[in-house]
Q: 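Sharing a structure with you now.
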Amino acid sequence: MTIRNSIPITPELVEAHGITPEEYERIRDLTGREPTFTELGIWSAMWNEHCSYKSSKKWLKTLPTTGPQVIQGPGENAGVVDIGDGECVVFKMESHNHPSYIEPYQGAATGVGGILRDVFTMGARPVAAMNALRFGEPEHPKTRHLVSGVVSGVGGYGNSFGVPTVGGEVEFDARYNGNCLVNAFAAGIARTDAIFLSEAKGVGLPVVYLGAKTGRDGVGGATMASAEFGDDIDQKRPTVQVGDPFTEKCLLEACLELMTSGAVIAIQDMGAAGLTCSAVEMGAKGDLGIELDLDKVPVREERMSAYEMMLSESQERMLMVLRPEKENEAKAIFAKWGLDFAIVGRTTDDLRFRILHQGEEVANLPIKELGDEAPEYDRPWIEPGAWQAIDASQFPEPDDYADAILQVLGSANMCSKRWVWEQYDTLIQGNSLQLPGGDAGVVRVDGHETKALAFSSDVTPRYCEADPFEGGKQAVAECWRNLTAVGAEPLASTDNLNFGNPERPEIMGQLVRAIAGIGEACEALGFPIVSGNVSLYNETNGEAILPTPTIAGVGLLPDYSVMARISAMQEGDAIFLLGG
Amino acid sequence: MTTARIVVTLKNGVLDPQGKAIEGALGTLNFQGVGKVRQGKVFDVELDTKDRAKAESDLNAMCEKLLANTVIEDYAVEIVEE
Amino acid sequence: MTTARIVVTLKNGVLDPQGKAIEGALGTLNFQGVGKVRQGKVFDVELDTKDRAKAESDLNAMCEKLLANTVIEDYAVEIVEE
Amino acid sequence: MRTAVILLPGLNRDRDMIAAITKISGKPPVTVWQTETEIPNVDLIVIPGGFSYGDYLRCGAIGARMPVMEALRKKAEAGVRVIGVCNGFQILLETGLLPGALMRNASLKFVCREVKLEVTNAGTPFTASYRQGEIIRCPVAHHDGNYFADGETLARLNGNGQVVFRYAEGSNPNGSIEDIAGIVSEAGNVLGLMPHPENLIETAHGGTDGRGIFENALGLSDLAGAA
Ligand SMILES: Nc1ncnc2c1ncn2[C@@H]1O[C@H](COP(=O)(O)OP(=O)(O)O)[C@@H](O)[C@H]1O
């Protein structure tokens with residue numbers, strides 16, 4: 001199968017790419033002519049909700065993102081926060097909801113792989129992971145399959161890669177019957193003076209492809225992540241990506257080794273819409289053009305078209321701008337780790353994104369417009385209706401309180417989640433001080449006598465449904481409390497905003513109000529949001545998930561010898577209730 | 001009794017990290033001229049029936065429901081012995 | 001080019017946790033009359049040779065040296081296409 | 001006392017192991033990459049845990065066939081002490097330096113938790129500081145730790161006192177036959193075990209039960225009390 005670049009662009013084709021007629025008008029203007037088929041694919045990848053945040057950008061801008069501790073806020077692969085002694089913590093959370101619903105093991109696994117890559121692309125060695133999971137009711141016929149696939153996928157990838165999972169959430173509710181949520185968090189530690197960014201610098205420098213080969217995995221995946229599910233979901237299956245944690249572990253070691261060698265000018269991992277997004281981002285940020293020669297791209301399948309290569313979401317790949325004099329050294333490092341290393345293009349000074357394939361120029365687009373001029377919508381929204389307080393007296397008092405407590409504790413949502421986190425390696429790296437099961441996971445900072453980092457992930461979606469503003473605030477406050485409860489000073493946070501279809505004003509209202517609540521709480525607590533992710537269109541047949549703005553936070557314990565734990569209680573201790 | 005062999009293989013184009021690692025290892029062990037290697041699974045299943053048609057339909061159902069992940073895998077059922 | 005299929009199965013008497021678990025799962029899914037299930041592996045290997053004898057001897061050597069753990073596994077090599 | 005740690009791509013408890021050995025012996029170990037054909041003169045060689053080559057094909061199978069393993073075999077045959085932990089144990093089985101095989105956990109799930117181990121042979125170079133029958137704590141973290149050997153091999157292992165650790169008090173996490181958690185070679189100088197003693201060597205780990213194995217192997221056990 002080859003896809004010709006000369007396929008005529010019809011309104012149907014435009015629609016199938018998730019591009020509206022108005023957006024297409026704009027695309028034609030910016031291109032200066034009808035786009036080619038490959039170009040249409042590139043535009044759609046850059047302008048879909050997933051990559052461009054076109055529905056949420058206006059509101060995300062209102063979040064507090066700065067503070068004396070913040071070294072890098074949103075906009076890079078991950079946020080960076082100072083932890084003193086010349087070191088920083090690099091972290092982010094990202095969703096892989098739609099892929100996990102379609103193929104739970106691989107969807108969850110590649111979600112974990114993606115977030116780990118975001119962290120080590122910046123030069124940080126990952127030291128902790130969390131996963132916030134939401135499934136339909138336990139009785140629903142799909143739930144068991146999804147839970148077992150997702151949990152083993154999260155573990156399968158993280159355990160093999162070698163990062164301890166120190167926290168997370170598992171919750172069941174009928175509103176997730178048609179859309180499970182898989183939000184993966186990762187944090188790493190780097191030297192403050194050795195952070196790597198995606199901004200390309202310098203004209204005529206080699207653009208290098210690193211990691212695994214390109215296949216047809218997930219072609220159209222970014223488009224899929226931005227579309228609502230219908231009953232035709234089965235037809236979307238061939239876009240599944242398969243994760244290879246072994247290759248990712250090798251990629252981690254090779255990248256960190258390469259970074260110490262001084263060869264790297266800019267680096268960007270290939271996530272959604274792989275080669276397209278990574279190359280455009282590097283060029284657009286650096287005010288440079290990029291020219292790619294697809295004949296040089298390592299491929300694992302025959303006769304791949306330019307369109308497929310540009311949109312492939314094959315995992316475990318990176319793009320880098322290299323200091324030319326370091327080429328041989330860099331190559332040797334990648335050969336040692338058994339990874340592909342190929343010069344696939346160069347930086348230019350003409351601000352064009354040019355793609356060559358088999359002697360033909362299959363795309364030639366303005367790079368800044370691709371990267372920065374995605375549409376931004378001020379979608380109509382309505383104030384979410386106020387929920388009536390429930391009158392407690394309408395419920396009969398339980399006859400037997402002990403039995404009632406047992407029922408609560410034994411329920412799927414309240415019971416211990418040990419059955420989940422025992423499938424994750426919580427100890428690897430030898431620095432775990434508090435495992436899942438407490439208020440926050442704690443990991444000591446390698447090579448430091450007393451310092452440790454605390455991690456927690458929280459949100460209570462039913463509160464957000466009742467009142468998105470208060471629910472957003474509450475998620476931040478709970479995360480903050482979990483960090484302080486182990487004795488950590490909260491540093492900063494990351495968010496993963498999971499909502500339904502933003503084209504519906506009531507859903508857009510949830511998003512707007514939740515962001516306002518999160519912003520207010522973060523502002524009040526001095527707990528800036530330094531990275532994040534938005535996942536919209538979590539709906540099946542018109543029914544949306546509960547609004548789920550997951551908040552993950554990082555705190556610093558200057559001295560872990562005075563850390564608090566939930567298990568330190570002894571008989572006869574007095575119990576205090578603090579707070580309002 | 002019926003004995004069947006089910007072979008489950010990855011669909012074309014789906015990444016096979018195991019196959020890839022094996023290709024590399026065969027190279028390290030100095031085997032020449034090894035092209036693609038793809039790894040799959042085989043299940044040998046004993047069924048307590050002599051009815052071939054029923055056995056086949058049951059085995060196909062087992063593949064659909066459990067043994068194969070039809071999102072990324074194909075399967076083939078073969079009756080070995082009746 | 002030669003294409004071969006290698007099937008690696010557990011020796012009789014060797015514990016097969018995956019086969020066992022599948023037996024259990026098939027029961028839970030209400031399949032009746034399922035006896036023993038044993039899980040094995042299949043490798044589809046492409047070899048850059050037209051010499052059948054050489055291909056067979058190479059494939060057997062690959063099994064002995066890597067693809068099968070002959071302490072617990074048996075293997076069978078079949079040339080599918082030359 | 002000198003230690004070497006063998007490195008293969010996909011191993012991921014190498015850093016844990018290097019840190020543990022450095023803390024216990026006061027000296028960082030030398031590292032030996034998979035392609036080396038010589039291992040320097042050391043008193044102890046360790047293969048750490050992880051997923052060498054992704055554990056693709058069979059756990060430890062591809063790693064066991066890398067060039068460094070021939071050098072390891074020579075050292076082991078010459079009497080140098082060798083410890084393989086988790087993936088290291090799986091690799092030692094695949095090289096044939098230890099008998100048996102490690103299969104998928106009976107639950108088919110990865111399991112990470114603390115278990116209890118019974119020291120069933122305190123007479124080995126690795127266990128001398130423990131009491132025979134002593135119960136120690138130790139974490140496990142693995143997907144393929146279900147030890148299997150045929151009846152004849154088991155009889156031989158039992159007869160020679162080659163079973164060094166068993167999961168105790170119903171804490172077998174993986175279905176291992178006869179609760180076997182760790183074994184030594186017939187000569188007694190090669191130890192393979194699934195649990196991770198390197199993750200329980202200091203107070204910050206919540207205990208030091210795993211320390212003795214390394215102290216014994218390095219001939220430091222007299223200092224054990226001072227640690
Ligand atoms: N998917 C998961 N992975 C790892 N740990 C988890 C997961 N789900 C829950 N946990 C852990 O279980 C404990 C209880 O979770 P939760 O009920 O959400 O706690 P809380 O409401 O106190 O934050 C926490 O320590 C949490 O980190």
Side-chain angles (χ1 to χ4, degrees), chain B residues 1-12 14 16 18-51 54-68 73-76 78 80-81, chain C residues 1-12 14 16 18-51 54-68 73-76 78 80-81:
Chain B
M1 205 172 63
T2 304
T3 312
R5 168 160 285 183
I6 295 170
V7 176
V8 175
T9 48
L10 281 172
K11 286 195 163 102
N12 251 336
V14 173
D16 178 10
Q18 312 223 43
K20 210 175 64 180
I22 293 166
E23 280 167 28
L26 289 172
T28 314
L29 292 172
N30 280 323
F31 286 101
Q32 312 288 321
V34 179
K36 205 148 66 174
V37 178
R38 303 276 285 173
Q39 178 169 344
K41 291 181 199 142
V42 26
F43 302 95
D44 289 325
V45 182
E46 290 178 4
L47 280 183
D48 196 12
T49 175
K50 288 214 161 279
D51 179 344
K54 162 138 178 46
E56 282 190 342
S57 97
D58 271 8
L59 289 161
N60 279 305
M62 289 176 199
C63 289
E64 290 286 335
K65 289 212 178 133
L66 181 71
L67 299 177
E73 292 172 332
D74 292 324
Y75 61 88
E78 185 196 349
V80 184
E81 224 185 277
Chain C
M1 205 174 62
T2 304
T3 312
R5 169 162 283 184
I6 295 170
V7 176
V8 174
T9 47
L10 283 172
K11 285 195 163 80
N12 256 334
V14 173
D16 177 11
Q18 319 206 49
K20 263 240 185 69
I22 291 166
E23 282 167 27
L26 289 174
T28 316
L29 291 173
N30 280 324
F31 287 101
Q32 310 290 320
V34 179
K36 203 149 68 173
V37 179
R38 304 278 284 171
Q39 179 169 343
K41 293 177 196 145
V42 31
F43 304 96
D44 289 324
V45 182
E46 287 176 4
L47 280 184
D48 196 13
T49 174
K50 288 214 159 283
D51 178 345
K54 164 138 176 44
E56 280 190 344
S57 96
D58 270 8
L59 289 161
N60 279 303
M62 287 176 201
C63 290
E64 289 287 332
K65 289 209 179 138
L66 179 71
L67 298 178
E73 294 171 328
D74 292 323
Y75 61 89
E78 183 197 348
V80 183
E81 223 186 277

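Chain identifiers are assigned alphabetically (A, B, ...) following the order of the sequence lines, protein sequences preceding nucleic acid strands; residue numbering begins at 1 within each chain. Predicted model only: the values in this text are computed from it and were never measured.
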Q: Atom CG of B:L47 and atom CD of C:Q32: how far apart are they, to the nearest 0.5 Å?
A: 11.5 Å
Q: Is it the side chain or the backbone of C:A61 that comes within 4.5 Å of chain B heavy atoms, both, or neither?
A: both
Q: Does the side chain of B:R5 reach to within under 4.5 Å of the side chain of C:V42, using non-hydrogen atoms?
A: no
Q: Tell me, for C:L67 versus chain B, whether the close heavy atoms (under 4.5 Å) come from the side chain, the backbone, both or neither.
A: side chain
Q: Considering only heavy atoms and a distance below 4.5 Å, find which of C:T49, C:V8, C:V37 pairs most often with chain B.
A: C:V37
Q: Report which part of B:T9 has an atom under 4.5 Å of a heavy atom belonging to chain C: side chain, backbone, both, or neither.
A: side chain
Q: Who among C:M1, C:Q18, C:K65, C:K36 has the most heavy-atom pairs with chain B under 4.5 Å?
A: C:K36
Q: Where on B:F43 is there a heavy atom nearer than 4.5 Å to chain C: the side chain, the backbone, both, or neither?
A: both
Q: Report yes if the side chains of C:D48 and B:V34 come closer than 4.5 Å at any heavy-atom pair, otherwise no.
A: no
Q: Any idea which of C:T2, C:T3, C:V45, C:L66 has the most non-hydrogen atom pairs under 4.5 angstrom with chain B?
A: C:L66
Q: Against chain C, label B:L29 side chain, backbone, both or neither, depending on which of its atoms sit under 4.5 Å from a heavy atom there.
A: side chain
